[in-house]
Peer 1: 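Sending over a structure as structure tokens; questions will come in a sec.
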2 protein chains.
Amino acid sequence: MKPSIPKGTRDFGPAEVIKRNYIFDTIREVFVRYGFQPIETPAMEDLATLTGKYGEEGDQLLFKVLNNGDFLSKADDQALQAKDSAKLVPSISKRGLRYDLTVPFARFVAMHQNDIPFPFKRYQIQPVWRADRPQKGRYQEFYQCDVDVVGSESLMFEAELAQIYDEVFQKLGLKVVIKLNNRKILAGMAEAAGLSEDRFMDMTIAIDKLDKIGMDGVKQELSKRDISAEAIEKIEAMLGTTELEALKSTFAASKPGLKGIEELETVFEYLNMGPTYNTIQFDITLARGLNYYTGCIYEVAVDLEAEGQENIKMGSIGGGGRYANLTENFGMRTNGSGVGVSFGAERIYDVMEELSLFPEDKANTLQLLFIAFDEKAHRYAFKALQQARAAGINAELYPDPARVRKQMKYADQRNVPYTVVIGDREMESGELAFKNMVTGQQENLQLNAIIDQLK
Amino acid sequence: MKPSIPKGTRDFGPAEVIKRNYIFDTIREVFVRYGFQPIETPAMEDLATLTGKYGEEGDQLLFKVLNNGDFLSKADDQALQAKDSAKLVPSISKRGLRYDLTVPFARFVAMHQNDIPFPFKRYQIQPVWRADRPQKGRYQEFYQCDVDVVGSESLMFEAELAQIYDEVFQKLGLKVVIKLNNRKILAGMAEAAGLSEDRFMDMTIAIDKLDKIGMDGVKQELSKRDISAEAIEKIEAMLGTTELEALKSTFAASKPGLKGIEELETVFEYLNMGPTYNTIQFDITLARGLNYYTGCIYEVAVDLEAEGQENIKMGSIGGGGRYANLTENFGMRTNGSGVGVSFGAERIYDVMEELSLFPEDKANTLQLLFIAFDEKAHRYAFKALQQARAAGINAELYPDPARVRKQMKYADQRNVPYTVVIGDREMESGELAFKNMVTGQQENLQLNAIIDQLK
């Protein structure tokens, strides 16, 4: 048979895994420095936990796992007769693959509420699965990196999450713009434009598309949703605001609007207490499509200007926000208010690859390859190899004294920076032929000197 | 709804994730030092890749993923009518969750054979899924840690894999016995006992049960498989051998037997060239149940005597061996011979927990908690917090100036080793109240001095 993998899934070879882990490790290190702790949840969740949480479209994109054994014996007969796939599912499948990390986190918090300290600061870096139609940059299996704190309404956390974004991207060497807004400011806009409360999400969803469809598109969208021309004009004017201060008079009559300004001012007060590396700015046009956000919202974009990439079009590489009650679906007793952000690891990978930001020395883990001329040299080299490894050097010996050309070809394929060649002369003198594979330079050195140089 | 997770799956809280990662990181570090490289494969594989590889029982334990959308529209009508679950599966499910890391690795090697260097040295640490009946210590989702080299017959790798076992368990602080045997020695035993070739696996499977059912049980088992009393007597005598040398005359007429001795002698020759920490010994009773092994085989057990735990019964915590052709199912062109071993991470975790081998300082990642008396102190503390983090200290500030008792309770729950309390007096003097939460000792120190002490 010809080997293949399911569409939308990927194998990762060594170079890719090493680069991906570089991103994950960088993110993880910052999370930990900020006091966040890791949790892991199972790949499979009860379908009852997952369904109804992601809208109708999301439910269709859930991967469902077939019950084991004679699953048809308990199948819904009516659904079988009618060949109604959707209706049959609950009777033949109890489990699904997790679709994101937010719902499993909410389920985790509710389930373990008596065993965890609040505020609970957790991070989670695990794959998720979605039956999306595969296309460039969109996969059926991909990693999410989420960091959330639940059980506190302190705006300090809003500031810290922006700092985490700032620090991670500083460490990765990628200049970004961290955009902040607040759902209460959007509520203020809706009020100031005279919209009724039930049109709030309509407005928000339209504004969320600004990047993709432009202001004219947003206006059409608003108009399609029966928002009056007068209101649209007011919204457009407000969307031009860049300073919080300027909004205060506009929102003079809107309690949520003023509250939103106050919250963002507090967040920026925290942020201004220390240095930041990237641009962190209020962006009134930031909306986020999800309906569970209730306070501050975030989005991170590559700073295309700073990166000299003005002509590239690129989606966001992170986002998040505050939600009033994460765990209400799971019967949580304590305060379920929280705030969290997510890193788009797959996109970050693509951008870093595009801009050649992965450090060279991270690309290869093997430091030294021993090459032996004959069987006797091979045994000699095996001893030397053990000394190098004991000194903490990542090293290997070609497994047999094959033709030197073959061994050198392997060295090239492994992209190893240094080789040591051992034959009769080297064994006699104890001076080994130590070669820098990048410069081609070669010198004869004692093993100890080689080890010292590589350490 | 009451939150729950599927039977046989687990949530891991912070303490567990940190300990599990300590095991994985230790294993990974040694793998890399020996020149092995990471790969990752998707959780879902084509069912065609998985089925038929694990025997009939294994096929039944595969988790199958339901095709998305209107899966019944393409369902096998006959199977539906007959309510034949097994027959229906191929028409409604194309994908399954990986059952182990060996088959995906074989598929990976065959699929990427033109892009990878041979010998290909890979490691893989990922979860696998099996629909086993859950019981103590047996889960439906668990991690495997596999390290294999494919494309070389050099016995150096056999020695290196034993060294890897030795070094990992040394680092974990767990004394083990690493047992080595060779399938060719078992073949020699079968020949010397006068068994026909087709009885070889019968004999092997019976011997594999020795630990569980004892010698009498093995003899009964052999007898049940129609092996003569005379042959059983010979086998029993040979199973008492502890020295390779002693087997040479027994195997004088058995070519595979002598070859097996020669191979193991070479492996031990490599191993004797350097120091080892754990016992590595030839064990003629080691058989391994899997039929694809063709050369050396391994098993690792806790050294109960050294650990002072003679009375505990405990299964193996690692195993593996050489296989003639990993990739034959996937139409591989190049040399598919390889050798690999696996670490039983879940059992290692349980043993280390039982013997309290996890280092204390790995148990908590948070080093310092700031506690503020009032709003003003909170802002002051937020600045101090940023300095501590900038110095690389994992630190946090309780999110608001709540009652000190409440903040201290949180410090206890997080098990943080140090706190800094800040109020008016501290802000005035710049000397902060720095408390060791283990000893209860407290001193007033400048922030810089606190940072220096924690670094």
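Per chain, numbering begins at 1; letters A, B, ... match sequence-line order. This is a predicted model, so every value here is computed, not measured.
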Peer 1: Between B:Lys409, B:Glu396, B:Gln413, which has the largest tally of heavy atom pairs under 4.5 Å with chain A?
Peer 2: B:Glu396
Peer 1: Looking at chain A, which one of B:Gln140, B:Arg33, B:Lys64 has the largest number of heavy-atom pairs inside 4.5 Å, strictly under?
Peer 2: B:Arg33
Peer 1: What part of A:Leu369 gets closer than 4.5 Å to chain B, counting heavy atoms only: side chain, backbone, both or neither?
Peer 2: neither
Peer 1: Less than 4.5 Å to any heavy atom of chain B: does that hold for the side chain of A:Phe71, its backbone, both, or neither?
Peer 2: both
Peer 1: Check each atom of B:Asp59 against the heavy atoms of chain A and say whether the ones under 4.5 Å are side chain, backbone, both or neither.
Peer 2: neither
Peer 1: Of the non-hydrogen atoms in A:Pro42 and B:Glu141, which two are nearest, and what is the gap between them?
Peer 2: CA-OE1, 3.1 Å
Peer 1: Once you round to the nearest 0.5 Å, how far does CD of A:Gln163 lie from CG of B:Leu385?
Peer 2: 7.5 Å
Peer 1: Any Lys/Arg nitrogen of A:Lys7 or B:Asp46 sitting under 4.0 Å from an Asp/Glu carboxylate oxygen of the other?
Peer 2: no
Peer 1: Can you say whether B:Asp84 sits under 4.5 Å from chain A via the side chain, the backbone, both, or neither, judging by heavy atoms?
Peer 2: backbone
Peer 1: Would you check if the side chain of B:Glu45 reaches a backbone N or O of A:Pro6 as a donor-acceptor pair within less than 3.5 Å?
Peer 2: no
Peer 1: Provide the closest heavy-atom pair for B:Leu72 versus A:Ala79 in the form atom of the first, atom of the second, distance.
Peer 2: CD1-O, 4.4 Å
Peer 1: So, A:Glu40 side chain and B:Gly13 main chain: donor-acceptor pair closer than 3.5 Å or not?
Peer 2: no
Peer 1: Under 6.0 Å from the ring centre and within 45 degrees of the ring axis: does the NZ or CZ of A:Arg95 meet both conditions for the six-membered ring of B:Phe63?
Peer 2: no
Peer 1: Looking at side-chain heavy atoms only, is the closest gap between B:Met273 and A:Arg379 below 4.5 Å?
Peer 2: yes
Peer 1: Give me the atom names and distance for the closest heavy-atom approach of B:Phe330 to A:Pro3.
Peer 2: O-CD, 3.7 Å
Peer 1: Of the backbone (N, CA, C, O) and the side chain (C-beta and beyond), which part of B:Ala388 lies under 4.5 Å from a heavy atom of chain A, both, or neither?
Peer 2: neither
Peer 1: Would you check if there is a donor-acceptor pair between the side chains of B:Ser85 and A:Asp70 at a distance under 3.5 Å?
Peer 2: yes
Peer 1: Any side-chain heavy-atom pair from B:Asp77 and A:Lys83 closer than 4.5 angstrom?
Peer 2: yes
Peer 1: If you round to the nearest 0.5 Å, how far is CD1 of A:Ile5 from OG1 of B:Thr41?
Peer 2: 8.5 Å
Peer 1: Please classify the contact between B:Leu368 and chain A as side chain, backbone, both or neither, with a heavy-atom cut-off of under 4.5 Å.
Peer 2: neither
Peer 1: State, with a plain yes or no, whether a side-chain heavy atom of A:Pro119 is found less than 4.5 Å away from one of B:Tyr398.
Peer 2: yes
Peer 1: Counting heavy-atom pairs under 4.5 Å to chain A, which of B:Val65, B:Leu62, B:Asn67 comes out on top?
Peer 2: B:Val65
Peer 1: What is the minimum heavy-atom distance between A:Phe382 and B:Met156, and which atoms define it?
Peer 2: CE1-CG, 3.5 Å
Peer 1: Heavy-atom cut-off 4.5 Å, strictly under: side chain, backbone, both or neither for B:Phe157 against chain A?
Peer 2: side chain
Peer 1: Checking heavy atoms, do the side chain of B:Leu155, its backbone, both or neither come under 4.5 Å from chain A?
Peer 2: neither
Peer 1: What part of B:Glu153 is in contact with chain A, defined as an atom under 4.5 angstrom from a non-hydrogen atom: side chain, backbone, both or neither?
Peer 2: neither
Peer 1: Does a salt bridge link B:Arg389 with A:Glu160, judged by any charged N lying under 4.0 Å from a carboxylate O?
Peer 2: yes
Peer 1: With rounding to the nearest 0.5 angstrom, report the OH to NZ distance, A:Tyr270 to B:Lys383.
Peer 2: 13.0 Å
Peer 1: When heavy-atom pairs shorter than 4.5 Å are enumerated against chain B, which of A:Ala75, A:Gly392, A:Pro127 gives the highest number?
Peer 2: A:Gly392
Peer 1: Ignoring hydrogens, what is the shortest heavy-atom contact between A:Ser4 and B:Thr49? Give both atom names and the distance.
Peer 2: O-OG1, 3.9 Å
Peer 1: Output, in order, the C-alpha distance, side-chain angles, deciding distance and verdict of side-chain contact (heavy atoms from CB on, under 4.5 Å) for A:Leu66 and B:Val89.
Peer 2: CA-CA 9 Å; A:Leu66 206 49; B:Val89 168; 4.1 Å; yes
Peer 1: Only one of B:Lys121, B:Arg122, B:Gln37 forms a side-chain contact (heavy atoms from CB on, under 4.5 Å) with A:Pro14, so which one is it?
Peer 2: B:Gln37
Peer 1: What residue, out of A:Ser154, A:Gly35, A:Gly274, A:Pro399, has the most heavy-atom pairs lying under 4.5 Å from chain B?
Peer 2: A:Pro399
Peer 1: For B:Ser152, is it the side chain, the backbone, both, or neither that has a heavy atom closer than 4.5 Å to a heavy atom of chain A?
Peer 2: side chain
Peer 1: Using a cut-off of under 4.5 Å for heavy-atom pairs, which of A:Glu269, A:Lys2, A:Glu167 has the most such pairs with chain B?
Peer 2: A:Glu269
Peer 1: Let me confirm one number: the CG-CD distance from A:Leu271 to B:Gln386, rounded to the nearest 0.5 Å.
Peer 2: 8.0 Å
Peer 1: Do any N or O atoms from the side chain of A:Asn68 and from the backbone of B:Gln60 form a donor-acceptor pair under 3.5 angstrom?
Peer 2: yes
Peer 1: Checking heavy atoms, do the side chain of B:Asp11, its backbone, both or neither come under 4.5 Å from chain A?
Peer 2: both
Peer 1: Flag the one option from A:Leu397, A:Ile116, A:Leu80 with the top tally of heavy-atom pairs under 4.5 Å to chain B.
Peer 2: A:Leu397
Peer 1: When heavy-atom pairs shorter than 4.5 Å are enumerated against chain B, which of A:Leu88, A:Asp400, A:Val30 gives the highest number?
Peer 2: A:Leu88
Peer 1: For B:Glu16, is it the side chain, the backbone, both, or neither that has a heavy atom closer than 4.5 Å to a heavy atom of chain A?
Peer 2: neither
Peer 1: Measure the NZ-CZ distance between A:Lys406 and B:Phe118 for me, rounded to the nearest 0.5 Å.
Peer 2: 11.5 Å
Peer 1: Under a 4.5 Å heavy-atom cut-off, does chain A meet the side chain of B:Tyr34, its backbone, both or neither?
Peer 2: both
